[in-house]
Trainee: 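Please find one structure pasted underneath; my questions will follow.
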Amino acid sequence: MTRPASISGFPEWSPAQRMIEQQLLDRIRTSFESYGFAPLETRAVEPLDQLLRKGETSKEVYLLRRLQADGEDGGGDAGLGLHFDLTVPFARYLLENAGRLQFPFRRYQIQKSWRGERPQEGRYREFTQADIDVVDRDELPFHYDVEIPLVVIDALGSLPIPPIRLQVNNRKLCEGFYRGLDIGDPEAALRAVDKLDKIGPAKVAELLTGTAGASQAQAKACLALAEISAPDESFAEAVHALGVKDPLLDEGLAELVRVVEAGREHAPGVLVADLRIARGLDYYTGTVYETQLTGFERYGSVCSGGRYDNLATSGTDRFPGVGISIGVTRILGLLFGAGTLSISRPVPTCVLVALPDEDSRPACDRIAATLRRRGIPTEVAPSAAKYGRQIRFAQRRGIPYVWFPDGGEVRDIRSGEQATADPQTWQPPEADRYPTIS
RNA sequence: GUGGCUGUAGCUCAGCUGGUAGAGCACUGGGUUGUGGUCCCAGGUGUCGGGGGUUCGAGUCCCCUCAGUCACCCCA
């Protein structure tokens with residue numbers, strides 16, 4: 001008989017929080033569509049072999065199983081699992097529908113994902129991501145790597161959240177550098193360098209010599225590279241100054257310069273080249289993005305992605321892409337936790353129509369209907385209580401206006417101002433029509 | 001998934017080395033019998049996260065479990 005309790009990692013926001021989330025999602029969607037990304041939703045579930053095609057994430061995947069499945073089929077449903085991001089399902093969708101799509105194909109996708117990891121602040125087992133990707137057939141022009149971060153800078157910039165810092169790096173640059181240095185295990189080096197923020201340069205150097213087969217001098221060079229960070233193209237000179245020569249390094253360098261140049265022009269101070277950014281080792285092949293929320297740096301990236309040249313391939317078909325994903329639930333969780341996101345009222349209602357007595361309900365319903373038709377969220381009082389109670393009902397919910405049908409008057413209960421009004425023509429100030437977030 | 005810390009009213013929190021439920025705000029009713037907020041009075045404010053154990057007796061000690069949080073891992 002114990003009361004039902006919450007489930008770890010599966011957040012359920014309050015109505016006020018949900019209204020905030022919906023408004024953020026609306027604005028993100030509007031931003032995405034303003035760049036011409038088309039909406040897509042894929043099923044929640046993918047075959048396990050699709051999910052595990054890249055990366056060693058098997059432990060986090062939630063499996064789908066029927067309650068009544070008998071032991072013979074292993075209790076499984078053909079090995080289905082809930083998707084843990086939106087990129088892998090998108091790659092599957094591409095291969096399945098390539099013949100019906102126009103390329104380059106740009107889509108956005110705003111959906112839940114699931115990961116069976118241990119939850120903590122800003123990390124959940126069920127969470128919403130807002131994803132954009134551009135994919136082409138055979139070759140994807142690099143200018144999309146330049147465009148993608150500008151889209152999310154726009155999207156996140158339209159939200160009432162702290163400023164962001166979008167860090168960009170390029171895998172080719174790092175791998176070329178390591179190759180030019182002749183380091184034994186470039187992947188291990190990448191992994192070690194990625195921990196720089198967390199464990200500091202001394203520990204990273206240990207890792208580099210220990211696991212990546214680097215000499216002391218090589219480790220020092222890797223650290224020097226990782227510590228380069230700049231909001232403009234000056235980072236390229238800093239890399240050149242390290243004196244390493246490699247064709248792949250030059251290619252990555254040139255690409256990163258293009259991204260940073262565009263960032264400096266369109267979003268000054270937001271986008272920076274940060275050569276320590278590595279991302280998960282799985283499918284990224286070039287540009288990589290990560291995003292810090294000012295004041296919440298320690299909770300990790302709230303928006304990341306990159307270029308993947310080999311994620312969607314089938315036989316001779318190849319669909320290179322570049323994309324990025326906004327961690328909506330993470331952003332909300334952090335800001336709710338800090339108490340810095342609020343909404344002007346916890347219900348949509350703008351007007352409460354007071355009810356003089358039950359017999360008047362049809363007349364009150366007509367007033368409410370008229371207001372609603374004109375786009376003003378309206379509800380009628382639940383019962384014909386004393387007017388004082390009805391006003392209090394509105395006040396407790398933050399409803400700004402009470403409509404008195406007998407005299408045909410509307411009262412702003414914040415100021416106490418009351419005036420005669422016609423439901424056919426009365427307008428609330430635009431700021432009062434819907435709840436506003438700040 | 002491994003380990004650490006935390007859990008008392010709707011919220012913020014007290015509660016001494018085991019001895020019988022507490023404050024502020026919020027909430028409900030009334031003072032005010034159809035125009036709220038201030039003020040006054042009266043009051044639910046409680047499975048002490050849940051279960052088990054030790055004890056004459058457990059909010060307090062022990063075990064398990066759930067949730068939150070932190071570190072590792074990984075990442076939105």
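Chain letters run A, B, ... following the sequence lines, proteins first, then strands; residues in each count from 1. Computed from a predicted structure; not experimentally measured.
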Trainee: Please work out if A/Q390 contacts a base, only the sugar-phosphate, or nothing of the nucleic acid, heavy-atom cut-off 4.0 Å.
Mentor: nothing
Trainee: Sort me out a list of protein N/O and nucleotides 25-28 of chain B N/O pairs below 3.5 Å, or just none if empty.
Mentor:
unit_1 : atom_1 : unit_2 : atom_2 : d
B/C27  : OP1    : A/R396 : NE     : 2.7
B/U28  : OP2    : A/R396 : NH1    : 2.9

Trainee: Round to a whole Å and report the spacing from CD1 of A/I326 to P of B/A76.
Mentor: 13 Å
Trainee: For the C1' atoms, the ones on B/U60 and on B/U38, what distance do you get once it is rounded to whole angstrom?
Mentor: 42 Å
Trainee: Using the C1' atoms only, state how far B/G7 lies from B/C39, rounded to an integer number of Å.
Mentor: 37 Å
Trainee: Over all strands shown, is A/G305 touching base, sugar-phosphate only, or nothing at heavy-atom distances under 4.0 angstrom?
Mentor: nothing
Trainee: Please list, by residue number, the residues of residues 193-203 of chain A whose heavy atoms come closer than 4.0 Å to an atom of RNA chain B; answer none if no residue qualifies.
Mentor: A/K195, A/K198
Trainee: Considering only the P atoms, how many Å lie between B/C11 and B/C5, rounded to the nearest integer?
Mentor: 25 Å
Trainee: When Watson-Crick pairs (N1 to N3 and N6-O4 or O6-N4) and G-U wobble pairs (N1-O2 and O6-N3) count only below 3.5 Å on both distances, what is the dot-bracket string of RNA chain B, with | for other-strand pairs?
Mentor: (((((((..((((.....[..))))((((((.......))))).)...(((((..]....))))))))))))....
Trainee: Could you measure between the two P atoms, the one in B/G51 and the one in B/C40, and give it in whole Å?
Mentor: 40 Å
Trainee: Are A/R411 and A/E417 within salt-bridge range, i.e. N to O under 4.0 Å?
Mentor: no
Trainee: Rounded to whole angstrom, note down the C1' distance from B/U8 over to B/G50.
Mentor: 14 Å
Trainee: Looking at B/A76, I'd like to know if its phosphate oxygens (OP1 or OP2) sit under 4.0 Å from a side-chain N or O belonging to A/S304.
Mentor: yes
Trainee: Looking at A/R123 and A/E117, does any basic side-chain N land under 4.0 Å from a carboxylate oxygen?
Mentor: yes
Trainee: Between A/Q129 and A/S325, do the side chains contain a donor N or O and an acceptor N or O under 3.5 Å apart?
Mentor: yes
Trainee: Looking at A/R307 and A/D309, is any side-chain nitrogen of the basic one under 4.0 Å from a carboxylate oxygen of the acidic one?
Mentor: yes
Trainee: Run the salt bridge (Lys or Arg N to Asp or Glu O under 4.0 Å) test against A/D26 and tell me which residues pass, sequence neighbours left out.
Mentor: A/R29
Trainee: Quiz question: going by heavy-atom distance under 3.5 Å, is there a donor-acceptor pair between the base of B/A76 and the side chain of A/R115?
Mentor: yes
Trainee: Does B/A71 have OP1 or OP2 sitting under 4.0 Å from an N or O in the side chain of A/Q120?
Mentor: yes
Trainee: Toward the 5' end of RNA chain B, which comes first, A/S8 or A/I391, by nearest nucleotide?
Mentor: A/I391
Trainee: With heavy atoms under 4.0 Å as the rule, sort A/Q395 into base, sugar-phosphate or nothing.
Mentor: base
Trainee: In whole Å, measure the gap between the P atoms of B/A23 and B/G43 for me.
Mentor: 12 Å
Trainee: Could you tell me how far apart A/Y108 (OH) and B/A76 (P) are, to the nearest whole angstrom?
Mentor: 21 Å
Trainee: Between protein and nucleic acid, restricted to nucleotides 42-44 of chain B and to nitrogen or oxygen atoms under 3.5 Å apart, what atom pairs and distances do you find?
Mentor:
none

Trainee: Among residues at least two apart in sequence or on other chains, which ones pass salt bridge (Lys or Arg N to Asp or Glu O under 4.0 Å) with A/D194?
Mentor: none
Trainee: Take atom C1' in B/G4 and the same atom in B/G53, then report the distance between them in whole Å.
Mentor: 25 Å
Trainee: Take A/R298 and A/D197, measure what salt bridge (charged side-chain N to carboxylate O under 4.0 Å, His left out) needs, and give me the verdict at the end.
Mentor: CA-CA 9 Å; A/R298 60 179 290 259; A/D197 277 328; over 6 Å; no
Trainee: How about A/F127 and A/W114: are their ring centres within less than 6.0 Å of each other?
Mentor: no
Trainee: Would you kindly give the CD-to-P distance between A/E117 and B/C75, to the nearest whole Å?
Mentor: 8 Å
Trainee: For a quick check, tell me whether the side chain of A/R411 and the base of B/G36 share a donor-acceptor pair closer than 3.5 Å.
Mentor: yes
Trainee: Atom CZ of A/F84 to atom P of B/C73: distance rounded to whole Å?
Mentor: 19 Å
Trainee: Distance between the C1' atoms of B/C66 and B/G29, in whole angstroms?
Mentor: 37 Å
Trainee: Base, sugar-phosphate, or nothing for A/G388, non-hydrogen atoms under 4.0 angstrom?
Mentor: sugar-phosphate
Trainee: Show me the pairs that pass ring-ring contact (aromatic ring centres under 6.0 Å, His included) and involve residues 14-40 of chain A, at least two apart or across chains.
Mentor: A/F32-A/Y108
Trainee: Starting at atom NZ of A/K386, determine the distance to atom P of B/G31, rounded to an integer number of angstrom.
Mentor: 6 Å
Trainee: State whether A/S6 places a side-chain N or O below 4.0 Å from either non-bridging phosphate oxygen (OP1 or OP2) of B/C66.
Mentor: no
Trainee: If you find the nucleotide of RNA chain B closest to A/T329 and the one closest to A/S415, which residue's nucleotide is nearer the 5' end?
Mentor: A/S415
Trainee: Test of understanding: with side chain to side chain contact (heavy atoms under 4.5 Å, CB included), list the residues that count as partners of A/P141, not counting sequence neighbours.
Mentor: A/D136, A/H143, A/Y144
Trainee: Tell me which donor-acceptor pairs under 3.5 Å the side chains of residues 350-357 of chain A have, and how far apart each pair is, sequence neighbours excluded?
Mentor:
unit_1 : atom_1 : unit_2 : atom_2 : d
A/D357 : OD1    : A/D359 : N      : 3.2
A/D357 : OD1    : A/S360 : N      : 3.1
A/D357 : OD1    : A/S360 : OG     : 2.9
A/D357 : OD2    : A/S360 : OG     : 3.4

Trainee: Whether A/Y299 contacts B/A71 is assessed here as follows: a side-chain N or O lying under 4.0 Å from the phosphate OP1 or OP2. Is that the case?
Mentor: no
Trainee: Can you tell me how the ring of A/W426 sits relative to the ring of A/Y401, calling it parallel under 30°, perpendicular over 60° and tilted otherwise?
Mentor: perpendicular
Trainee: Once you measure the plane-to-plane angle for A/Y299 and A/F296, does it fall in the parallel (<30°), tilted (30-60°) or perpendicular (>60°) bin?
Mentor: tilted
Trainee: Would you indicate what A/Y124 reaches in the nucleic acid, counting non-hydrogen atoms under 4.0 angstrom: base, sugar-phosphate, or nothing?
Mentor: base
Trainee: Using only modelled atom types and a 3.5 angstrom limit, is any donor from either the side chain of A/R118 or the base of B/C74 paired with an acceptor on the other?
Mentor: no
Trainee: Taking only residues two or more places apart in sequence or in another chain, which ones pass salt bridge (Lys or Arg N to Asp or Glu O under 4.0 Å) with A/D365?
Mentor: none
Trainee: Which whole-number value in Å describes the distance from A/Q418 CD to B/G36 P?
Mentor: 11 Å
Trainee: What is the separation between atom CD1 on A/I277 and atom C1' on B/A76, rounded to the nearest whole Å?
Mentor: 14 Å
Trainee: As a test of reading the structure: which of B/C74, B/U35, B/A76 is closest to the side chain of A/F404, going by heavy atoms?
Mentor: B/U35
Trainee: Does A/R298 place a side-chain N or O at less than 4.0 Å from the phosphate oxygens OP1/OP2 of B/A71?
Mentor: yes
Trainee: Under the salt bridge (Lys or Arg N to Asp or Glu O under 4.0 Å) rule, collect the residues that match up with A/R373, sequence neighbours excluded.
Mentor: none
Trainee: Can you list everything that forms a side chain to side chain contact (heavy atoms under 4.5 Å, CB included) with A/S342? Sequence neighbours excluded, please.
Mentor: A/S438
Trainee: Starting at CG of A/L82 and ending at P of B/A76, how long is that distance when rounded to a whole Å?
Mentor: 18 Å
Trainee: Salt-bridged, A/E358 to A/R361, with N to O below 4.0 Å?
Mentor: yes
